[in-house]
Amino acid sequence: MNIIIREINDDCDEIDLAKSFLYNQIKEVYGIGPTPKFHYDIEELKDYYILPERNNFFVALDGDNIVATAGIRSYDKDYEFLKDICFEEDTASIWRLMVDKGYRRNGIARILVETIERFAKNEEYKRIYLNSHRYLDAAIPFWKSLGYEVTFEEDDYDETTHMIKNLI
């Protein structure tokens, strides 16, 4: 296994491959197909991750095959419980960290997060926000192992946990 991590190119074919990978992972992990309410950023991947200056989308490749993805973009939520902590100007958010089942437990997610954190620091973000779900057994322990701290847990149908890591 020779994994290469790199930024996705502004190329229609490569963007379509990333979308296909993401939708396959979402189907496998969550059991749902493309849902505009939840996957608007995938449909408009170029506009959300590639074109904006302080955003980016990374892929992990094994040969020509995408085996993992991770996106980073300026924080754009309006959660009341984060209104005094997270701001678009100084907070990045991680999206779509997904690793193909056959490639998990090989450190690929950790390398993608390190890549994202370097990118965020270079773009002068002060912190990174993300959310995950408690029903994904390995998710919260993984993020905690990388220094992300739980800031709020919702009792919603998705068991959403909001996490932040300060970069400075």
Side-chain angles (χ1 to χ4, degrees), residues 3-30 32-80 82-100 103 108-133 139 142-143 146-148 151 158 160-168:
I3 303 299
I4 295 171
I5 309 281
R6 68 168 175 80
E7 297 174 15
I8 196 169
N9 292 314
D10 183 3
D11 172 88
C12 291
D13 292 335
E14 191 166 311
I15 291 169
D16 286 345
L17 287 173
K19 287 180 182 182
S20 178
F21 172 82
L22 287 164
Y23 284 134
N24 287 337
Q25 292 302 302
I26 289 166
K27 181 72 171 172
E28 183 178 311
V29 174
Y30 301 102
I32 60 173
T35 309
K37 178 180 177 181
F38 303 118
H39 307 133
Y40 54 89
D41 64 305
I42 298 172
E43 279 306 306
E44 303 298 329
L45 196 136
K46 182 175 179 175
D47 293 331
Y48 273 89
Y49 300 103
I50 298 170
L51 294 181
E53 286 184 26
R54 297 179 74 204
N55 298 359
N56 215 326
F57 200 83
F58 296 90
V59 292
L61 299 165
D62 185 5
D64 292 332
N65 298 318
I66 297 174
V67 299
T69 60
I72 184 165
R73 66 185 211 224
S74 294
Y75 178 81
D76 62 356
K77 297 297 179 186
D78 60 357
Y79 297 118
E80 181 65 24
L82 295 174
K83 70 179 177 123
D84 296 326
I85 301 169
C86 296
F87 307 96
E88 183 178 353
E89 307 80 42
D90 67 2
T91 306
S93 55
I94 294 176
W95 288 72
R96 308 299 176 198
L97 178 64
M98 303 196 119
V99 180
D100 181 88
Y103 288 82
I108 297 170
R110 187 172 297 274
I111 294 167
L112 276 167
V113 172
E114 290 168 358
T115 302
I116 280 178
E117 289 177 356
R118 270 193 311 279
F119 177 83
K121 287 177 185 176
N122 287 339
E123 294 296 328
E124 299 181 357
Y125 287 111
K126 294 180 181 175
R127 73 191 58 77
I128 298 179
Y129 159 85
L130 65 91
N131 69 58
S132 191
H133 311 286
F142 168 76
W143 290 112
L146 295 174
Y148 289 80
T151 57
D158 241 358
T160 306
T161 298
H162 301 267
M163 305 179 85
I164 293 175
K165 180 176 181 177
N166 290 315
L167 298 174
I168 56 171

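Counting begins at 1 with the first residue of the sequence.
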Engineer: Looking only at heavy atoms, which two atoms of Ile72 and Phe119 are closest? And how far apart?
Structural biologist: CG2-CD2, 3.6 Å
Engineer: May I have the step-by-step check of side-chain contact (heavy atoms from CB on, under 4.5 Å) for Arg73 and Ser93, ending in yes or no?
Structural biologist: CA-CA 5 Å; Arg73 66 185 211 224; Ser93 55; 3.9 Å; yes
Engineer: Would you give the length of the straight line joining atom CD of Glu43 to atom CG of Leu22, rounded to the nearest 0.5 angstrom?
Structural biologist: 10.5 Å
Engineer: If the plane angle is over 60° it's perpendicular, under 30° parallel, otherwise tilted; pick one for Tyr129 and Tyr79.
Structural biologist: tilted
Engineer: Apply side chain to side chain donor-acceptor pair (under 3.5 Å) to the pair Asn55 and Tyr48, showing each step before the final yes or no.
Structural biologist: CA-CA 7 Å; Asn55 298 359; Tyr48 273 89; over 6 Å; no
Engineer: Heavy atoms only: give me the nearest Gly71-Ile116 pair and the separation to one decimal.
Structural biologist: O-CD1, 3.9 Å
Engineer: Over all heavy atoms of both residues, which pair between Leu51 and Asp47 is shortest? Give the atoms and the distance, please.
Structural biologist: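 Scanning both residues, the minimum pair turns out to be CD1-OD1, 3.5 Å.
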Engineer: Would you name the heavy atoms of Leu112 and Ala68 that are closest together and state the gap between them?
Structural biologist: CD1-CB, 3.6 Å
Engineer: Quick one: CD on Gln25 to CD1 on Ile42, what's the gap to the nearest 0.5 Å?
Structural biologist: 10.5 Å
Engineer: Would you give the length of the straight line joining atom CG of Asn24 to atom NZ of Lys19, rounded to the nearest 0.5 angstrom?
Structural biologist: 14.0 Å
Engineer: With a 4.5 Å cut-off on side-chain heavy atoms, are Thr91 and Lys126 touching?
Structural biologist: no
Engineer: Please check: side-chain N/O of Arg54 versus main-chain N/O of Glu89, any donor-acceptor pairing under 3.5 Å?
Structural biologist: yes
Engineer: Tell me, do Leu61 and Ile3 make a side-chain contact under 4.5 Å, heavy atoms counted?
Structural biologist: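 Result no, sub-4.5 Å side-chain heavy-atom pair not found.
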Engineer: Hey, is the main chain of Val67 close enough, under 3.5 Å, to the side chain of Asn65 for a donor-acceptor pair?
Structural biologist: no
Engineer: Kindly determine whether Tyr148 and Val113 satisfy side-chain contact (heavy atoms from CB on, under 4.5 Å), including the steps that lead there.
Structural biologist: CA-CA 11 Å; Tyr148 289 80; Val113 172; 4.0 Å; yes
Engineer: Rounded to the nearest 0.5 Å, what separation is found between the CD1 atom of Ile26 and the NE2 atom of His39?
Structural biologist: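 Taking CD1 in Ile26 and NE2 in His39, the distance rounds to 3.5 Å.
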Engineer: Assess the residue pair Leu45 and Ile50 against the criterion (side-chain contact (heavy atoms from CB on, under 4.5 Å)); give the C-alpha distance rounded to whole Å, side-chain angles, the decisive distance to 0.1 Å, and a yes or no.
Structural biologist: CA-CA 7 Å; Leu45 196 136; Ile50 298 170; 3.8 Å; yes
Engineer: Quick one: do Leu97 and Trp143 satisfy side-chain contact (heavy atoms from CB on, under 4.5 Å)? Show the steps, please.
Structural biologist: CA-CA 11 Å; Leu97 178 64; Trp143 290 112; 3.4 Å; yes
Engineer: How about Leu17 and Val59: do any of their side-chain heavy atoms sit closer than 4.5 Å?
Structural biologist: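 Not touching, per the 4.5 Å side-chain cut-off.
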Engineer: Considering non-hydrogen atoms only, spot the tightest contact between Ala60 and Ile108 and give its length.
Structural biologist: CB-CG2, 3.8 Å
Engineer: Is Lys83 paired with Asp78 through a side-chain N to carboxylate O contact shorter than 4.0 Å?
Structural biologist: no
Engineer: Asn56 vs Tyr49, test: side chain to side chain donor-acceptor pair (under 3.5 Å). Steps then yes/no.
Structural biologist: CA-CA 5 Å; Asn56 215 326; Tyr49 300 103; over 6 Å; no
Engineer: Could you walk me through whether Tyr125 and Ser74 satisfy the side chain to side chain donor-acceptor pair (under 3.5 Å) test, starting with their C-alpha distance in whole Å, then the side-chain angles of each, then the deciding distance to 0.1 Å, before giving a yes or no?
Structural biologist: CA-CA 9 Å; Tyr125 287 111; Ser74 294; 2.7 Å; yes
Engineer: When rounded to the nearest 0.5 angstrom, what is the spacing between NE2 in His162 and CG in Leu82?
Structural biologist: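 If I round to the nearest 0.5 Å, the distance is 7.0 Å.
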Engineer: Within the side chain of Thr115, is there an N or O that forms a donor-acceptor pair under 3.5 Å with the backbone of Ile111?
Structural biologist: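 Looks like yes, one N/O pair under 3.5 Å.
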Engineer: Please check if the side chain of Thr35 supplies one atom and the backbone of Gly33 the other of a donor-acceptor pair under 3.5 Å.
Structural biologist: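 Such a contact is found between Thr35 side chain and Gly33 backbone.
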Engineer: Is Glu14 paired with Lys46 through a side-chain N to carboxylate O contact shorter than 4.0 Å?
Structural biologist: no
Engineer: Calculate, to the nearest 0.5 Å, the distance between atoms CE and CD1 belonging to Met98 and Ile66 respectively.
Structural biologist: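 Met98 CE to Ile66 CD1: 13.0 Å, rounded to 0.5 Å.
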Engineer: Would you call Glu117 and Lys165 a salt bridge, using N to O less than 4.0 angstrom?
Structural biologist: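 Salt bridge: yes.
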Engineer: Can you confirm whether more than 12 heavy atoms, excluding those of Glu124, are under 6.0 Å from its CD atom?
Structural biologist: no
Engineer: Got Leu146 and Arg110 here, is their nearest side-chain heavy-atom distance under 4.5 Å?
Structural biologist: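 When only atoms from C-beta onward are counted, Arg110 and Leu146 do touch, with a gap below 4.5 Å.
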Engineer: Check whether any side-chain heavy atom of His133 lies under 4.5 Å from a side-chain heavy atom of Asp158, and answer yes or no.
Structural biologist: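 Touching, per the 4.5 Å side-chain cut-off.
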Engineer: Could you check whether Thr69 and Arg96, counting side-chain N and O atoms only, form a donor-acceptor pair closer than 3.5 Å?
Structural biologist: no
